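First up is the structure itself, then whatever we jot down about it.
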Amino acid sequence: KINLDDMYLGEALRSVTHSWQLLDYCVTPDTLILTPDLRWRPAGDLSLGDSLIGLDEKPVDGHPYRRYRPATVTACQAQRKPVFRIILSDGTELHATGEHPWLVARYRGLNQAWRRTCDLRVGDTFSRLFTPWRTLTSYDAGWLSGLYDGEGWLCRSGAGTTLGVSQKPGAVYDHMVSLLGTFGFPYSEVRHTGGVNQLLTTRRSSIMRILGSLRPVRLLPKIDLWGVIRGEGAATWTESSLDERSFQESSPRQGRRHRV
């Protein structure tokens, strides 16, 4: 039974013996999906009722931007179907069936539209919202996580969210700067003469990556996940081919008109 109020605008429907069914579209089981606890999970591991981070299918309330929204897996089934391999200009490879929709930027701006895999063309631009991360478990990662929990903060303002950490100049501060560079975490440095220096991160995707990788227990639950979407960058579609293999696929779907 399908509640039509929860259908995605872009999903096709068909009538079979007076019932409604969804036309299937899938990603492969190894495709990573972001959950609200800032972990990346393979699509094949998802189950009915799992919470995900989704986004508006269309801009709402007259605004030009989409926003992140909470979403829930409402259907999940494994199938064997032909899979397209999509290669982007930054080397990223994606695998999905021909009916899977992608949010494509036509002119590297706000003019974005949903296109099926089979309708993609060379030159279509994908906005990269995140680069998947993994939980860091090394001694240095634990040390940095503890420093964020002890000396850090999250601040929201009209300009967005800022993740910051303060420390006086010295060995601890120098080690903190070194580790941020080692892990590739972006930051800006604010130095105060004779006082406490600050290391600030302002891009939401970068804040989520730091918190998801280090998992500081005090700050992690404080992040506001549901703000305006601003991507890390863009990658241009350069090549697509029908993979000769047939993958066993998992097709998680969400309700409330939000997409993975």
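Any value given below was found using the heavy atoms of this structure, including those in side chains, with hydrogens, waters and symmetry copies removed. If you're wondering where the values come from, they're calculated on a predicted model, not measured in any experiment.
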Minimum heavy-atom distance [X]-[Y], with the two atoms named:
X	Y	value
Leu214	Ala141	CD2-O, 3.7 Å
Pro186	Arg209	CD-NH1, 4.1 Å
Thr97	Pro82	CG2-O, 3.8 Å
Thr92	Arg128	OG1-NH2, 2.5 Å
Arg215	Leu38	NH1-O, 3.5 Å
Arg218	Gly152	NH2-O, 2.6 Å

Answer whether the closest heavy-atom distance between the side chains of [X] and [Y] falls below 4.5 Å.
X	Y	answer
Tyr148	Leu163	yes
Leu88	Glu93	no
Ile33	Ile53	no
Thr161	Thr202	no
Trp114	Val104	no
Trp153	Lys222	no
Leu94	Val27	no
Tyr187	Ser206	no

Decide whether [X] and [Y] are clustered together by the hydrophobic rule: side chain heavy atoms of Ile, Leu, Val, Met, Phe, Trp, Tyr closer than 4.5 Å, transitively.
X	Y	result
Ile207	Leu225	yes
Val196	Leu200	no
Ile210	Val190	no
Val217	Leu154	no

Go through the steps for Tyr173 and Ser166 under the test side-chain contact (heavy atoms from CB on, under 4.5 Å), then give the verdict. CA-CA 8 Å; Tyr173 181 82; Ser166 301; over 6 Å; no

Could you tell me whether a side-chain N or O of [X] sits under 3.5 Å from a main-chain N or O of [Y], the two making a donor and an acceptor?
X	Y	answer
Arg204	Asp224	yes
Arg115	Trp102	no
Arg85	His95	no
Asp50	Val73	no

Just verifying a value: how many Å separate [X] [atom1] and [Y] [atom2], rounded to the nearest 0.5 Å?
X	Y	atom1	atom2	value
Asp124	Leu103	CG	CG	11.5 Å
Leu211	Asp37	CG	CG	12.0 Å
Ser47	Arg41	OG	CZ	6.5 Å
Phe84	His100	CZ	NE2	13.5 Å
Leu199	Arg191	CG	CZ	9.0 Å
Leu144	Phe185	CG	CZ	7.0 Å

Would you find more than 12 non-hydrogen atoms of other residues, nucleotides or ligands less than 6.0 Å from Arg156 atom CZ? no

Using the side-chain contact (heavy atoms from CB on, under 4.5 Å) rule, take Leu48 and Thr74 through it: C-alpha gap first, then chi angles, then the decisive distance, then the call. CA-CA 6 Å; Leu48 289 177; Thr74 59; 5.6 Å; no

Would you please test Asn197 and Gln167 for side-chain contact (heavy atoms from CB on, under 4.5 Å) and show each step? CA-CA 6 Å; Asn197 294 341; Gln167 189 65 218; over 6 Å; no

What orientation do Trp133 and Phe130 show, parallel under 30°, tilted 30 to 60°, or perpendicular over 60°? perpendicular

Is any NZ, NE, NH1 or NH2 atom of the basic residue among Arg116 and Asp119 found under 4.0 Å from an Asp or Glu carboxylate oxygen of the other? yes

Pair His175, Asp140 - check side-chain contact (heavy atoms from CB on, under 4.5 Å), show working. CA-CA 10 Å; His175 190 49; Asp140 285 339; 4.1 Å; yes

